[in-house]
There are 2 protein chains.
Amino acid sequence: MSEQRRGAPRSEAARIAILEATARLVRERGYEQLSMEGVAAAAHVGKQTIYRWWGSKSELVAESMLDGFLMPGGEEPPNTGDLRADLAAWLREIFVFVESPDNELMLRSLVSAATVSREIGARLHEQLGAGSALTRRIDDAAATGEIRSGLLGQDVGELLIGAVVLRVLTREPTGPDLPGRLVRSILGDAPS
Amino acid sequence: MSEQRRGAPRSEAARIAILEATARLVRERGYEQLSMEGVAAAAHVGKQTIYRWWGSKSELVAESMLDGFLMPGGEEPPNTGDLRADLAAWLREIFVFVESPDNELMLRSLVSAATVSREIGARLHEQLGAGSALTRRIDDAAATGEIRSGLLGQDVGELLIGAVVLRVLTREPTGPDLPGRLVRSILGDAPS
DNA sequence: TCATCTAGACGCAACGTCTCGTATTGTAGA
DNA sequence: TCTACAATACGAGACGTTGCGTCTAGATGA
């Protein structure tokens, strides 16, 4: 069944070099300033080699992210038994990451790419949505009565992550108490 | 004090034509495909007239939005006395608007522009943030005890609007019950 | 008089396609 | 087994096109 292809196989070295160069240039200059010519030059690769495998800038940025060259792996929230504190700590970490000048350009580039490519949007949702550790953690808490029942982990996750994305867009500075406020806005205070 | 300027004043006709052409082209082709040359041609305007008043594509798209050529004015949530129902209805309207194929390109263009221009981000926050009717409505409800105290209108608004923005990015279809679920995720069920 | 207007020329950067010559693989014939 | 040859990928870069942002020209209007 598996018809053998002829000719030279795809060069893994070129693929890696292109994705790494893309990640580096996105971090340095951002999405709009990223050019295919720049990537080709930085990766010491012919332009055709890029266009052969990726159709557009957004696809390229997408794969660079999905393969972990751009974004670190999804951090899981800690688990100390106190869901509210855990979520607030997790959010605080994320806000620190988001507000770091080193990551600003990269994150906005990711959002830009998502506005252009349906695929990135889908992967974004996949990586953040149902099935993540965050979602399960909240569902468990609802089942054990730590938080009020009726709460869906997926919905709570969307609200929290949405707030983070909104901050990326508005560039409003976050105060140290924002994570706690947001978590309590949803889950309320712990039962005494 | 008011020094009289000499020479011809700025042409309001040209300004309107440019902003309208920008809005039309953004709706038709999206942010990335929008070109300054295209706007100049469509508005029957010299390129210099655009560059004289706007410094970049993102600024142009920003003003086109802020002046109402792109976005409809901020809709206020209805007020029937039942905050949960009002917010759900308001969210439902927004999701319908967001998911309309006519508005998809425009909204993603707005997000793109916000990733590029700090000003748009700030205006976005200004238009959606504290001081809006939504925020006041929630603060009032917290004061009268319709919802639990300790909730800040600004935080709740950020969570809800963030969820909308996230949907714009992930392009996940929304179910008819999502607005109600999101509102109840935050406010809980009405006290019986 | 002076700032604005439309129109378009200008040099430059990047686009996406195409063509080289070379390297690397599978297939087929000697 | 050894040797052509076909197929494909590669780096490099030429090519025409598009859009960039600046600049000049001549007309218009306060």
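These values consider heavy atoms only, across backbone and side chains, with no hydrogens, waters or symmetry-generated copies. First the proteins, then the strands, lettered A, B, ... as listed; each starts at 1.
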_When you compare the side chains of A:Thr174 and A:Glu99, does any donor N or O come within less than 3.5 Å of an acceptor on the partner?_
yes
*asked:* Using a 4.0 Å heavy-atom cut-off to protein, can you give one letter per nucleotide of nucleotides 11-17 of chain D, 5' to 3': B if the base is in contact, S if only the sugar-phosphate is, - if neither?
replied: SB-B---
*Atom-pair distance (CZ on A:Arg5; C1' on D:dA6), nearest Å*: 13 Å
*asked:* Using whole Å, what does the distance between atom P of nucleotide D:dA9 and atom CH2 of A:Trp54 come to?
replied: 13 Å
*asked:* Looking at C:dC5, I'd like to know if its phosphate oxygens (OP1 or OP2) sit under 4.0 Å from a side-chain N or O belonging to B:Trp53.
replied: yes
*Report the distance from atom CE of B:Met36 to atom P of C:dG8, rounded to the nearest whole Å.*
19 Å
*Among A:Leu60, A:Val61, A:Leu66, which one satisfies side-chain contact (heavy atoms from CB on, under 4.5 Å) with A:Leu19?*
A:Leu60
*Does the salt bridge (charged side-chain N to carboxylate O under 4.0 Å, His left out) test come out yes or no for B:Lys57 and B:Glu32, once each step is laid out?*
CA-CA 10 Å; B:Lys57 189 160 83 169; B:Glu32 286 222 333; over 6 Å; no
*Any side-chain donor paired with an acceptor under 3.5 Å for A:Thr115 and A:Ser112?*
no
Using a cutoff of under 3.5 Å, can you pull out all pairs of nitrogen or oxygen atoms linking the protein to nucleotides 27-30 of chain D, with atom names and distances?
{"from": "D:dG29", "atom 1": "N2", "to": "B:Ala8", "atom 2": "N", "distance (Å)": "3.4"}

*Does B:Asp86 pair with B:Arg137 as a salt bridge, N-O distance under 4.0 Å?*
yes
*Please give, in whole Å, the distance from C:dA14 P to A:Arg29 CZ?*
9 Å
*For the pair made of CD in B:Glu59 and P in D:dG21, what is the distance, rounded to whole Å?*
11 Å
*Starting at OH of A:Tyr51 and ending at C1' of D:dC10, how long is that distance when rounded to a whole Å?*
17 Å
_Looking at A:Glu158 and B:Arg181, is any side-chain nitrogen of the basic one under 4.0 Å from a carboxylate oxygen of the acidic one?_
no
*Hey, are A:Arg24 and A:Glu20 close enough for a salt bridge, meaning a charged N less than 4.0 Å from a carboxylate O?*
no
_Less than 4.0 angstrom from a charged side-chain N to a carboxylate O is my criterion; do B:Arg92 and B:Asp177 meet it?_
no
*Over how many whole Å does the gap from B:Gln33 atom CD to C:dC15 atom C1' extend?*
12 Å
Considering only distance and modelled atom types, tabulate donor-acceptor pairs under 3.5 Å from the side chains of residues 35-53 of chain B, sequence neighbours left out.
{"from": "B:Ser35", "atom 1": "OG", "to": "B:Gly38", "atom 2": "N", "distance (Å)": "2.9"}
{"from": "B:Glu37", "atom 1": "OE2", "to": "B:Lys47", "atom 2": "NZ", "distance (Å)": "2.8"}

*Rounded to the Å, how far apart are A:Ile50 CD1 and C:dT17 C1'?*
14 Å
